[in-house]
*Asks:* 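One structure follows; several queries about it will come next.
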Protein chains: 2
Amino acid sequence: MVSLAEVAKRAGVGTGTASRALSGRGSVDEATRQRVLVAAEELRYRGNAAARALRERRSRMVGLLLPDLDNEFYTAAAEVLQSEVAAAGYQLIVAQTSTRLGDERRAWESMLRSGVDGVVHVPVDPSAPVPTELPVVQLNRRSDDGEIPAVLTNDAEGVEQLTRLVLEAGHRDIALLVGSLEYSTSRERLEGFRRAIRAAGIREVPIVDPPPGARARVVHADLSIEAGIAAFALLEGDAPTAVLALNSRLLLGVLASCQRRGLRVPEDVSIAGMGDPVWYAVWSPAITTFSPPLAEMGRRAGREILALIEHGDDRDAMTPPVRLAGELIIRDSIVSR
Amino acid sequence: MVSLAEVAKRAGVGTGTASRALSGRGSVDEATRQRVLVAAEELRYRGNAAARALRERRSRMVGLLLPDLDNEFYTAAAEVLQSEVAAAGYQLIVAQTSTRLGDERRAWESMLRSGVDGVVHVPVDPSAPVPTELPVVQLNRRSDDGEIPAVLTNDAEGVEQLTRLVLEAGHRDIALLVGSLEYSTSRERLEGFRRAIRAAGIREVPIVDPPPGARARVVHADLSIEAGIAAFALLEGDAPTAVLALNSRLLLGVLASCQRRGLRVPEDVSIAGMGDPVWYAVWSPAITTFSPPLAEMGRRAGREILALIEHGDDRDAMTPPVRLAGELIIRDSIVSR
DNA sequence: TTGAAAGCGCTACCAG
DNA sequence: CTGGTAGCGCTTTCAA
């Protein structure tokens, strides 16, 4: 590894001058600067990130803490986030929180040890404390601690709209498949759902022995195909005419269940989704869905964390959370009754 | 940030002893070690990664250079790779190569500047030189430079099997949709395809004005839905009875095209895919596909890069490339003629 | 077993 | 404008 001292020697200057010439900070005679630049070029000088980080007390690295790298919902945001921070000269360090239980704490620890300047965080356990010693921006979901800056979408309104769409199509026997209430997103989505059904005068009924008639059932499930199948099985023999499955894997589970039982979509069961993985639009029927602006959210989270890092703690400028509106995409999976 | 010196002071020892107590290297009296451990705990000592990296001349960071974070094909491997290196105490730094042209070079530069100890690389431009100053393991594809260790799947055999499946179903008018020949994967897949059709006595014909009869057509396309639609359009009016679309987005494009033109799958057009995104199994018809062991590949790439980093340059031990066999998953999208 | 001290490569300060 | 130098926090000799 070629060091600054070697560049300086070759250019016939001191390390201080070489440093200033390369960084552009402080004044250097133009001729001298050129000599240094040439020497650096010839030696293929790249600098030593660790030394710089040690001296400057900042690493120019941003951490991304997410539940799961293999999830189009997060990676759609991560892609843009990476570009955003890279454009500002930062590296992105990625760690996953939920491969095993207790991993969120562990992931935070290793993030902190790595010396990142700030972290973009998709929380899993909303009650877990979030480190206060460095800038943090939460993405998509938020912790119970409402003081942390966050970039979210309008989950409640989105699901409310989606539900209204179903109601307006004449459905009166509706099921909602949603994640654990632990998540702020699930709570907000449920809230949106309830607003819509209440406004339509429909009551929420228990899953076991539900009374007949106009009704809404809510099932909480893990976000997997299997959980979607299991959740739909709970409605067994008394299937709703419309299902809102607020996660692509849950939705896939519902789709699989319908196939197995010979229920046609959307003729027998209308379906609405959340997010917009590429296959939604091509499925037959194409899936009607509420789609958060994931790319925009990733970009915004990147900008916010960079701003927090570079302009220090004007976090007041950002709380309360940024809400970026999602899009209601009406396709063919909801049919009128 | 609490430093080692502070821990040492609190424990009443020198920094050297504190360092040895914490790292476990070198001998320390058990009682002293306990004092240090307690002091570190009380002070919530985390250490300074930059200082350690500077001193030890290694950062305990691994880079991952991939075309695109928003692609289930890579992220399926990335997820496992991240866990693997994290378990060994390494951080994963991610950079994307193909958001804009020339980005691969740029991404490499910033990787190198960041001081990672090694890089797992999914090459985009196979002719671009790969840095030799640090360990590199290529994943899924390889550069023209055959000396670089790589973790691949058996693309050629896989596609050959897939093609045979189609042939055995009686198809004699087949199209292959595959990526640019630039990619080693595409070349290998094409080779597998050709082996199979040759063995069956079927000739490859040009896309424009193809002669009728038993024939195979090959279309190269970008890996997007739109490109899939465009590629299928090239076969316009003279559609094959079976299509191998060797990428999930290309396949989605074919599916979309078939829908628009009222072609039924698989009755009118049989389809075979590559990879295994979650929706393949639930689609109707469920997609028959050749699925590389992405998780296993990610794990292996992680192990190889760690081995290269920690046991130095016994790269000879690994070249030639590791091939992990994929799985032929027979479902319902290919029908007999 | 232990403490003192050198030095990793860099930036920023200070004197010239 | 420039070179010398201190010092960021750590690990690793080296003597004691």
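Below, chains carry the letters A, B, ... as their sequence lines are ordered, and counting in each starts from 1.
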*Asks:* Please state whether the phosphate of C:dA12, meaning OP1 or OP2, lies under 4.0 angstrom from any side-chain nitrogen or oxygen of A:Arg20.
*Replies:*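 No, because none of the side-chain N or O atoms of A:Arg20 sits under 4.0 Å from OP1 or OP2 of C:dA12.
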*Asks:* Quick one: do B:Arg35 and B:Glu42 make a salt bridge, cutoff under 4.0 Å?
*Replies:* no
*Asks:* Can you tell me how far C1' of D:dT12 sits from CZ of B:Arg52, to the nearest Å?
*Replies:*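 Distance check: B:Arg52 CZ to D:dT12 C1' gives 14 Å.
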*Asks:* Give a yes or no on whether a salt bridge exists between A:Glu6 and A:Arg10, defined as a side-chain N under 4.0 angstrom from a carboxylate O.
*Replies:*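 Result for this pair is no, no salt bridge flagged.
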*Asks:* Return the value, rounded to whole Å, for the distance between atom CD of A:Glu56 and atom C1' of C:dA12.
*Replies:* 10 Å
*Asks:* NA contact type, B:Gly115, heavy-atom cut-off 4.0 Å: base, sugar-phosphate, or nothing?
*Replies:* nothing
*Asks:* Give B:Arg25 one of three labels, base, sugar-phosphate or nothing, depending on what nucleic acid heavy atoms sit under 4.0 Å from its own.
*Replies:* sugar-phosphate
*Asks:* Among residues 28-50 of chain B, which contact DNA chain D at a heavy-atom distance under 4.0 Å?
*Replies:* B:Tyr45, B:Gly47, B:Asn48
*Asks:* Under 4.0 Å between a side-chain nitrogen and a carboxylate oxygen: does that hold for B:Arg141 and B:Glu188?
*Replies:* no
*Asks:* Tell me what B:Ser19 touches on the nucleic acid: a base, only sugar-phosphate, or nothing, going by heavy atoms under 4.0 Å.
*Replies:*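 Result for B:Ser19 = base.
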*Asks:* Figure out the CZ/P separation between B:Arg60 and D:dC10, and round it to whole Å.
*Replies:*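 Rounding to the nearest Å, CZ of B:Arg60 and P of D:dC10 are 15 Å apart.
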*Asks:* Is the closest side-chain donor-acceptor distance between A:Ser127 and A:Asp125 under 3.5 Å?
*Replies:* yes
*Asks:* Report yes if a side-chain nitrogen or oxygen of B:Arg55 is closer than 4.0 Å to either non-bridging phosphate oxygen (OP1 or OP2) of D:dT12; otherwise report no.
*Replies:*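 It does not, given that no N or O in the side chain of B:Arg55 lies less than 4.0 Å from OP1 or OP2 of D:dT12.
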*Asks:* Is there a donor in the side chain of A:Thr185 and an acceptor in the side chain of A:Asp155, or the other way round, less than 3.5 Å apart?
*Replies:* no
*Asks:* Atom NZ of A:Lys9 and atom P of C:dC10: how far apart are they, to the nearest Å?
*Replies:* 14 Å
*Asks:* Between A:Leu54 and B:Thr15, which residue's closest nucleotide on DNA chain C lies nearer the 5′ terminus?
*Replies:*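 Its nearest nucleotide being more 5', the pick is B:Thr15.
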*Asks:* Are B:Ser98 and B:Glu104 close enough that a side-chain donor and a side-chain acceptor fall under 3.5 Å?
*Replies:* no
*Asks:* Write out the stems for DNA chain C, ordered by first number and formatted as range with range, counting runs of at least 3 consecutive Watson-Crick or G-U wobble pairs under 3.5 Å.
*Replies:*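 If one scans DNA chain C for consecutive Watson-Crick or G-U pairs, the stems found are C:1-16 with D:1-16.
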*Asks:* How many Å lie between CG on A:Leu4 and P on C:dA12, as a whole number?
*Replies:* 12 Å
*Asks:* Give the minimum heavy-atom separation between B:Pro67 and B:Thr97, together with the two atoms involved.
*Replies:* CA-OG1, 3.0 Å
*Asks:* Any idea which heavy atoms bring B:Tyr74 and B:Asn140 closest together, and the distance?
*Replies:* CE2-ND2, 4.3 Å
*Asks:* Taking CD in A:Glu41 as the centre, count heavy atoms belonging to other residues, nucleotides or ligands within less than 6.0 Å. Is the count above 12?
*Replies:*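 Atom CD in A:Glu41 is not crowded, with 12 or fewer foreign heavy atoms closer than 6.0 Å.
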*Asks:* For a quick test of reading the model: is some side-chain N or O of A:Arg57 closer than 4.0 Å to OP1 or OP2 of D:dG9?
*Replies:*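 Answer yes for this pair, as a side-chain N or O of A:Arg57 is under 4.0 Å from OP1 or OP2.
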*Asks:* Report which part of the nucleic acid A:Thr17 touches: base, sugar-phosphate, or nothing (heavy-atom distance under 4.0 Å, all strands).
*Replies:* base
*Asks:* Without decimals, in angstroms, what is the distance between A:Met1 CE and C:dG7 P?
*Replies:* 21 Å
